[in-house]
A.B. asks: 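Attaching a single structure in structure tokens format; questions to follow.
Counting convention: from 1, in listed order, for ligands and their atoms alike. Everything quoted here is computed from the prediction, not taken from an experiment.
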Amino acid sequence: MTVIPRESDVHPEHPGMKAARAWLAGAPKRLLIDGEWVAARSGRTIAVLNPATEEELALIAEGDKADVDAAVAAARRALEAPNWKGISPHARTRVLLAIADAIERHKDELSALESLDNGMPSWFSAAALGACVDAFRYYAGWPSKIHGTTNPTDAAQFIYTLREPVGVCGQINPWNVPLLLVALKIAPPLACGNTVVLKPSELASLTSLRIAELAQETGLLPPGVLNIVTGYGPTVGAAMTEHPDIDKVSFTGSTAVGRSILLASAGNFKRVTLELGGKTPNIIFPDADMEKAVLAAVNGFTRNSGQICSAGSRLFVHESIHDEVAQEVSRIAATLKVGSPFEADTKLGPVISARQRERVMGYVDAGNADGANLMTGGCQLGNQGYYIAPTVFSGVKNRMKIAREEIFGPVLSIIPFKDEEDAVFQGNDTPYGLAAGIWTRDIGRAHKMARAIRAGRVWINTFGETDPVMPFGGFKQSGIGREFGIDSVMAYTETKSVHVRF
Ligand SMILES: NC(=O)c1ccc[n+]([C@@H]2O[C@H](COP(=O)([O-])OP(=O)(O)OC[C@H]3O[C@@H](n4cnc5c(N)ncnc54)[C@H](O)[C@@H]3O)[C@@H](O)[C@H]2O)c1
């Protein structure tokens, strides 16, 4: 394993680097409120750091409650304005398609910006950009297909339902895959005719701001339909969840903050969607295609340095092959290049922050202290940037802290199981229920397992795939509700039933 020297993260050969740097060189990034880019009312800013180099990339506005109030008022006015409420579904389709096209035209710049801001390898940010464009185009298809029903009744009546926008949507995002999550928080609510106030994570706001700029530049979004308020969670985020004039909150982030969001939203009974943490069981039976299963297991915990809600952080391996699989997973993990996000062969960039690195290293200490068998990694790398070696523990007990809590870093717990029943029991023995992986050639067993595992998404003989068509969300403490697919359309509309008596 090598760490590439990073005297500078400026890799001019990346096709988007020049444009990203030019955008970053501008004045402090502002808030988007009512169609205008404005400084925070307090005048305060937050310094954004590049996690690969710890250099300051940009200043973003540190919004607070007063900015949220202004954004919500603008979103409320826009919701009722004829140039948004009164337009045809086809016009909303054109808005979303134009945003998708603008994002695609700036794909290299956005990919570079994301890798500078978040530290993810540039191949991963390019893939996230593709998923972002797909999500905008998928939801662009929806406006003309959102409809109510006419219902059977007696001859003296006509009864029907309408599906109407929920209203002003408060959208709160984490830092781990901003390019995809910004699409998920903007495209479905706009497709359904709502207006949006979005708060990106204070740790990675840049691509959300740039996408909002591109969306404004289409000239098709009336002022106030899309508002962006950057800032911290306990100020901006809390002001949104407590706000009496926000109708719905969609939050993606940690389970702990999700709980506080649910409580705060009770004030005006906001509709709430929560996409929270996970501790995904990835289960390998002895009859699996071992080569594929092992590679997927490595990718499952190292992709985006393990900072993925559905990361395969608990690898359950049948006891007859536990040692052999643990050896092979560790061998491959040890060969992965950890380094600059802009080197083509980098597999893991840094984690997002010094704080996150300390948190992850605390879990490594816990694994060692609890007697798990450290196979590889277990250390931070380099003296600049927040790098952690891919870390594999084998012989882990599902009761250990490293197997129970979401680590959100490149740390894998390999846990032996006895039989199908034991795999289901241990896989489900967690407060989370976001995703699961199953590897077996016995397709009957695969389907049986898919039903038995309590998780919102199950991958069989594959791992980590997404498609905007398919709903995503958690059982148990991994969340409430589903996003993507038709589920987002249902979540951003309300049913009204109309009874007419002649
Ligand atoms: N289920 C999913 O789809 C999904 C996807 C990505 C990430 N995640 C989860 O996100 C977490 C990592 O992201 P994170 O560290 O940014 O999460 P986080 O919960 O710390 O922060 C998420 C967002 O909430 C804001 N926030 C913090 N305190 C708040 C408060 N009191 N009120 C309102 N908003 C507040 C933050 O500023 C940030 O914008 C992990 O747990 C991961 O599993 C889940």
A.B. asks: Under 3.5 Å, is there a donor on one side chain and an acceptor on the other for Q356 and S353?
C.D. replies: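 Per modelled atom types, Q356 and S353 side chains form no pair under 3.5 Å.
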A.B. asks: Tell me, do F251 and L262 make a side-chain contact under 4.5 Å, heavy atoms counted?
C.D. replies: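 Not in contact.
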A.B. asks: With a cut-off of 4.0 Å, which atoms of ligand 1 are near a heavy atom of G277?
C.D. replies: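 Going through ligand 1 atom by atom, the ones under 4.0 Å from G277 are 41 (O), 43 (O).
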A.B. asks: So, for atom 16 (O) of ligand 1, does the protein have a heavy atom nearer than 4.0 Å?
C.D. replies: yes
A.B. asks: Checking a contact table here: which protein heavy atom is nearest atom 13 (O) of ligand 1, and how many Å away?
C.D. replies: P174 CB, 3.2 Å
A.B. asks: In terms of residue, atom name and distance, what is the protein heavy atom nearest to atom 9 (C) of ligand 1?
C.D. replies: G253 O, 3.2 Å
A.B. asks: Which heavy atom of the protein is the closest neighbour of atom 23 (C) of ligand 1, given with residue, atom name and distance?
C.D. replies: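 Sorting protein heavy atoms by distance from atom 23 (C) of ligand 1 puts N173 O, 3.4 Å first.
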A.B. asks: When the ring centroid of W142 is compared with that of Y492, is the distance short of 6.0 Å?
C.D. replies: no
A.B. asks: Looking only at distance, does L434 have an N or O less than 3.5 Å from an N or O of ligand 1?
C.D. replies: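 No, since none of the N or O atoms of L434 sits under 3.5 Å from an N or O of ligand 1.
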A.B. asks: If you have a sec, work out which protein heavy atom is nearest atom 31 (N) of ligand 1 and how many Å separate them, to one decimal?
C.D. replies: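 The protein heavy atom lying closest is S260 OG, 3.9 Å.
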A.B. asks: Looking at W23, does the NZ or CZ of K29 lie under 6.0 angstrom from its six-membered ring centre and within 45 degrees of the ring axis?
C.D. replies: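 Judged by the rule, K29 and W23 form a cation-pi pair.
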A.B. asks: Assess whether a salt bridge exists between R399 and D429, defined as any Lys/Arg side-chain N lying under 4.0 Å from an Asp/Glu carboxylate O.
C.D. replies: yes
A.B. asks: Can you tell me the protein heavy atom closest to atom 12 (C) of ligand 1 and the distance?
C.D. replies: F408 CE2, 3.5 Å
A.B. asks: Which residue and non-hydrogen atom of the protein lie closest to atom 1 (N) of ligand 1, and at what distance in Å?
C.D. replies: L276 O, 2.7 Å
A.B. asks: With heavy atoms only and a cut-off of under 4.0 Å, state how I261 meets ligand 1: side chain, backbone, both or neither.
C.D. replies: side chain
A.B. asks: Near G237, which atoms of ligand 1 are under 4.0 Å from a heavy atom of that residue?
C.D. replies: 32 (N), 33 (C), 34 (N)
A.B. asks: Honestly, is K476 close enough over Y432, meaning NZ or CZ under 6.0 Å from the six-membered ring centre and within 45° of the axis?
C.D. replies: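 Pair K476/Y432 does not count as cation-pi.
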A.B. asks: Considering distance alone, does some N or O of S254 sit under 3.5 Å from an N or O of ligand 1?
C.D. replies: yes
A.B. asks: Answer with yes or no whether A238 contacts ligand 1, where contact means a heavy atom under 4.0 Å from a ligand atom.
C.D. replies: yes
A.B. asks: Salt-bridged, R137 to E104, with N to O below 4.0 Å?
C.D. replies: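 Looking at E104 together with R137, the answer is yes, because their closest N to O distance falls below 4.0 Å.
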A.B. asks: Side chains of D467 and Y138, heavy atoms from C-beta outward: is any pair under 4.5 Å?
C.D. replies: no
A.B. asks: Would you kindly say whether W459 and N282 are connected by a side-chain donor-acceptor distance under 3.5 Å?
C.D. replies: no
A.B. asks: Nearest to atom 25 (C) of ligand 1 by heavy atom, S201, G233, G456, A311: which?
C.D. replies: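 Minimum heavy-atom distance to atom 25 (C) of ligand 1 goes to G233.
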A.B. asks: For the residue pair Q477 and R259, confirm or rule out a side-chain donor-acceptor distance under 3.5 Å.
C.D. replies: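 R259 and Q477 do have a side-chain donor-acceptor pair below 3.5 Å.
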A.B. asks: Within ligand 1, which atoms have a heavy atom of E202 less than 4.0 Å away?
C.D. replies: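 Per the distance check, 36 (C), 37 (O).
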A.B. asks: Any non-hydrogen side-chain atom of V196 less than 4.5 Å from a side-chain atom of V225?
C.D. replies: no
A.B. asks: Could you tell me whether T241 and ligand 1 have an N or O pair separated by under 3.5 Å?
C.D. replies: no
A.B. asks: Before signing off on this row, confirm whether E406 and ligand 1 have an N or O atom pair separated by under 3.5 Å.
C.D. replies: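 Yes: some nitrogen or oxygen of E406 is under 3.5 Å from one in ligand 1.
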A.B. asks: Geometry only, no angles: is K199 polar-contacting ligand 1 at N/O separations under 3.5 Å?
C.D. replies: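 Right, the criterion is met.
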A.B. asks: Under a 3.5 Å cutoff, is there a donor and acceptor pairing between the side chains of S488 and E483?
C.D. replies: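 The answer is no; no qualifying pair exists.
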A.B. asks: For atom 2 (C) of ligand 1, what is the closest protein heavy atom, and at what distance to 0.1 Å?
C.D. replies: C309 SG, 3.3 Å
A.B. asks: Could an N or O of ligand 1 be found under 3.5 Å from any N or O of T252, whether backbone or side chain?
C.D. replies: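 No, no N or O pair falls under 3.5 Å.
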A.B. asks: Taking heavy atoms and a distance under 4.0 Å, where does E483 meet ligand 1: side chain, backbone, both or neither?
C.D. replies: neither
A.B. asks: Assess, by modelled atom type and distance only, whether the side chains of T235 and K65 contain a donor and an acceptor separated by less than 3.5 Å.
C.D. replies: no
A.B. asks: Write out the residue and atom name of the closest protein heavy atom to atom 24 (O) of ligand 1, then the distance separating them to 0.1 Å.
C.D. replies: F251 CE1, 3.1 Å
A.B. asks: What I want to know is whether N176 and ligand 1 share at least one N or O pair that is separated by under 3.5 angstrom.
C.D. replies: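 N/O-N/O distance below 3.5 Å does not exist for this pair.
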A.B. asks: Just to be sure I read this right, does ligand 1 sit under 4.0 Å from the backbone of Q307, its side chain, both, or neither, counting only heavy atoms?
C.D. replies: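 It is neither; nothing of Q307 touches ligand 1.
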A.B. asks: Please lay out, stage by stage, how Y387 and Q380 fare under the test side-chain contact (heavy atoms from CB on, under 4.5 Å).
C.D. replies: CA-CA 6 Å; Y387 290 93; Q380 53 189 68; over 6 Å; no
